[in-house]
Amino acid sequence: MTEPPDRRPSPDALLALAQAERRGKLKVYLGAAPGVGKTFEMLTDARKKRLDGADIVAGVIETHGRAETGALIEGLEILPKRRLGPSGSQLEEMDLDGLLARKPAIVLVDELAHSNIDGARHPKRWMDVDELLAAGIDVWSTLNVQHIESLNDIVARITRVRVRETIPDAVLERADTIELIDLTPDELIERLRAGKVYAPDQAQRALRHYFAPGNLSALRELAMRRAADRIDVQVRGFRQAQGETAPWAAVERILVCIDDREAADEVVRHAKRLADRARAGWMAVHVQTGRDTRLSETERGRIADALSLAARLGAETSTLPGDDVADTVLTYAREQNVTQIVVGKAKRPRLFEAVFGSVVRRLIDRGEMIAIYVVPEEGAGAAKRRLGLLAPWPVLTPIGAVESLGMTAIATAIAWPLDAFVGVSNLTLVYLAAVLTSALTRGLGSGLLAGVMCALAYNWFYTDPRFTFTVADPENVLAIIAFSGAAFVVSVLAARARSQTQAARTEARTTRELLGLARGLASVASEDEVANTLAIYAARAFDTNCVVLARVGLDDLRLAASAPGAMGLNDSDMAAARWTLSRGQPAGMGADTLPGGRWLFVPLRTSRLFSGVLAIAPKAVLSPAERRRLDALADQGAGALERAHIARAYQESHVEMEAERLRGTMLASLSHDLKTPIAGILGAASSLRTYGDRHDPATREDLLKGIEVEADRMQRYVVKLLDMTKLDAGGVQVRPEAIEIGDVVSEVLRRIDPLAAPGRVVGEIEPGLPMLKVDAELLHQALFNLVENAVLHGEGRVVLRARTDRGGVSFDVTDEGRGLQPGSEARVFEKFHREANSASGGTGLGLPIVRGFAKLMGASVSARNREDRSGAAFELAFPAAAIVSHVLAHDARDTP
Amino acid sequence: MSGGRPKALIIDVERAIRRFLRSTLLAEGFEVLEAGSASEGLALARTARPDLVVLDLGLPDGDGATLIKPLAALDAPAILVLSALDNEARKVAALDEGADDFVAKPFGVPEFMARVRAALRHRLQKSGACAVYDDGRLSVDFVRRIVRINGADPRLTPREYAVLTELLNHAGKVLTHRHLIQKIWAEDPTGDVQALRVHIRHLRQKIEAQPESPVLVVTVPSVGYRFLPPNLA
């Protein structure tokens, strides 16, 4: 069994308290029946509050023509209703946006359970109130006990009137204050008679039906009990927050079984009341057996509705696969430490139960320590429980009828020649084949019709006397009867096989869709690609337009993908999408909110991340099965988006770590590579000053030369640092201009001259090279770095060659040293890379700069070992696009 | 030029640079004046009328380039601009304003003095333009518009001739792209650097001994071109 909660203030309770502080407070005036005075009381309180100076606005007040109530409205600020239909019509609703804009401290909203007309933002008024509360506005409202969802059927039973406008229990449970407006039945009847509730003629009728004294007492008790429950919960909540809860009185857990019966929701509500009374957690379970595949759309819808009702009322819901309902339920119940099972019981003939057994019987027999609570069903549909054997009600299409006729004719034709060889009764087999074919191809209706027509044909054509419907031989009568029976059974079985195949095909298609989507999503990496894949699949699956919106920041959306083509959403659609984002609930066509639009918006969220919104534009409101498909797609998409998001976040943090590491290395290098030349310069200079003439001229010359060389070295290093920093910061301005390759090469050679022994570095330029359109500075620096690198780290002759190459121009820098370590051809271009056995003295920045500059110039750079001999070869290659023609447009004036 | 030693004015905010330039120029026989700011420099120039001004562009009280026109107005001294390594645009702008040449920091003495000498020579030339250029291989008669390479006619187009003569008129001095373009396409400003390069390429092919390694028409990277007479190189 579950542990009793400990005495520490529950964090959830504290959080709930804190969150409650920010929302507006809801005060509900609860009454047992119309006319007890809820609106009256609310208005009286409102006027008092107003005299105290509170900012109260009346959102909507229904007076029902009662004079006393009407009088109280005097002096209160009323926000006019918003007209939703053409002017002059009565189609008005509370002006929600007006109230939100006005932002009073308290709003009066009468009749919490009212349904709004089409065109309003929400279909129900309690949803409007929810929005007001979320905006921090307090709301006072009125409610009759018959409108509470979980009490709906009890009230119906009491008053014989089923009220359609209900509010979910959760709404009432979230109310901060409930004020019970109580009137004894006698007083209420008195008021009714006095005409203070309804107009006289209405009052008479009401007295007879709804306002019978017995009814009113029962209703009054219901209302009182609900209010008392509520107080209890409040006290408990408060005490929990303070850490004072006593151990739970009864540690019960309740499980309710849901099936496809019409009365499933009654059973659910019953379970909810039980759970409330026992203060127990409860769950709702549906066992999916093989029978489920044979269910019609309506029945499946009932199961889904019952499950969602249970969820709304606060249960944990699950669907369990299994063969035997009772066994599956009991296994699950034992796992979950369930103490009570609630199940509905249909009225069925004893004989039926004796033969087929009943779930309830089995639960009771095998339930052991679990209490079984059986809810008798009184709903209209309970008695009409169909036998499980029957296939769906036969449907006959015109094509089916024609085909049946055709099959019968064909069978008759085939049997005709056979008549000569086989006995008459054997011909029934041919007709049976016709029935089978009809049922398989067109369903039960066709099969049954074919059976009838075949029997008739057989009778007419083949039983004596021929060509009459009379049958002479008793044997033949038996044959016809036997045939009819066989035809019937064959039709039923074939039709069932057919519908199962169809269901399986649909399932398979859905599964294939999801599998395809999963595969598609697995192969893409970025969030936008995921969005694109999702949009394409969803558009294809529903054969309509689909748009995926990605979340930006906290509460905004951007269009991430759309399929089949590019499209956008207008402002009101975007507003609906944003609403979905803020609430995490679907909105749009067929949903609870803003149902009038062309699009349906569903949230794309996992438990960790709310990534965005999926929108489709279905041609008609989606059936529950289609909604399930859409939800499945959305779940997949949300999962993939979460994955892509995590991958990106990881990438970014990885990149940051890399950058951090480089910074560290850079600082270390700076420190060393600047200090060294400075040390040399200081040393030489101070030596010259200290020893002055005591140095001989050669030494003096040496020291002075040393200063020049070290200073130059520092200068080159600083240039590299600057270049590298500019590259990293992205601040390099590229100024392409037409340049002569010969000029650049000469300049590089000139600059490397002081660093290398005379003749060590040579240039080779292929004759007739075109001009290049490139940034001269960048190219010069890149080539210089390559040559300097070869001079410092290579050996022997260094050659800078320029040649044409595949339509473009390439520069090669080669030396005659040991070459590169095999495998490090790519790594040499990374910052601070040093070859293992190279002389130190380089900065580790030269080659990375070459790579960075090459990229800016649209060129590529690569390193490899020479093929003709030892040594490294670096290539800087420019594509054909960089070539500039050195042919001018012909100018007639410019001739020799 | 007045009798006696040539006068040089150094305008640079860095003491170390001024010290080193001063010692160099003194050793070369100049009389040296120093200024540390633009206003100081201009004032000194007005009173002293130097023959050479070494001007740094990064002055504390304004861009050195703004001094060039006022300086040039006083007896047209040779103006040598000191520029930081990576500021092509400012270098080119200074030359367009009227500076004779530039030296990129950091620089050594030989390079500096070569520029000084070229700039002074050019100043001399301006005061007395010669009608003929002849270095033994290339000869140009400016009056009769005849060009000969070792006696042969290289068949220059009018534009190529215009480039050559402009370069020769300012031999030793760097001419910016803009300067050359304005000269060549004076009546018809459709030229751009690319076209200029093409003309230079053709010119080199016609007058250079080794067009791939030019020695006469020398490229000054990102700035322009310079004609180097053989006896100066």
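Note that these values count all heavy atoms, side chains included, but never hydrogens, waters or copies made by symmetry.
- A:Asp743 and B:Arg201 are not joined by a salt bridge, as no carboxylate oxygen comes within less than 4.0 angstrom of a charged side-chain nitrogen.
- No more than 12 heavy-atom neighbours from other residues, nucleotides or ligands sit within 6.0 angstrom of CZ on B:Arg178.
- Looking at A:Ile741, there are no atoms closer than 4.5 Å to chain B (heavy atoms on both sides), in backbone or side chain.
- The environment of B:Arg137 atom CZ is dense: over 12 non-hydrogen atoms of other residues, nucleotides or ligands sit within 6.0 angstrom.
- When the shell of 6.0 Å around CG of A:Asp693 is examined, it contains 12 or fewer heavy atoms from other residues, nucleotides or ligands.
- Using a 4.5 Å heavy-atom threshold, the side chains of B:Ser222 and A:Glu737 count as touching.
- Environment of CZ in A:Arg797: sparse, with no more than 12 heavy atoms of neighbouring residues, nucleotides or ligands closer than 6.0 Å.
- For CZ of B:Phe20, the number of neighbouring non-hydrogen atoms (other residues, nucleotides, ligands) closer than 6.0 Å is greater than 12.
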Exercise for the section: Output, in order, the C-alpha distance, side-chain angles, deciding distance and verdict of salt bridge (charged side-chain N to carboxylate O under 4.0 Å, His left out) for A:Glu740 and B:Arg197. Expected result: CA-CA 7 Å; A:Glu740 286 277 6; B:Arg197 294 236 194 264; over 6 Å; no
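- At least one side-chain heavy atom of B:Gln194 sits less than 4.5 Å from a side-chain heavy atom of A:Val884.
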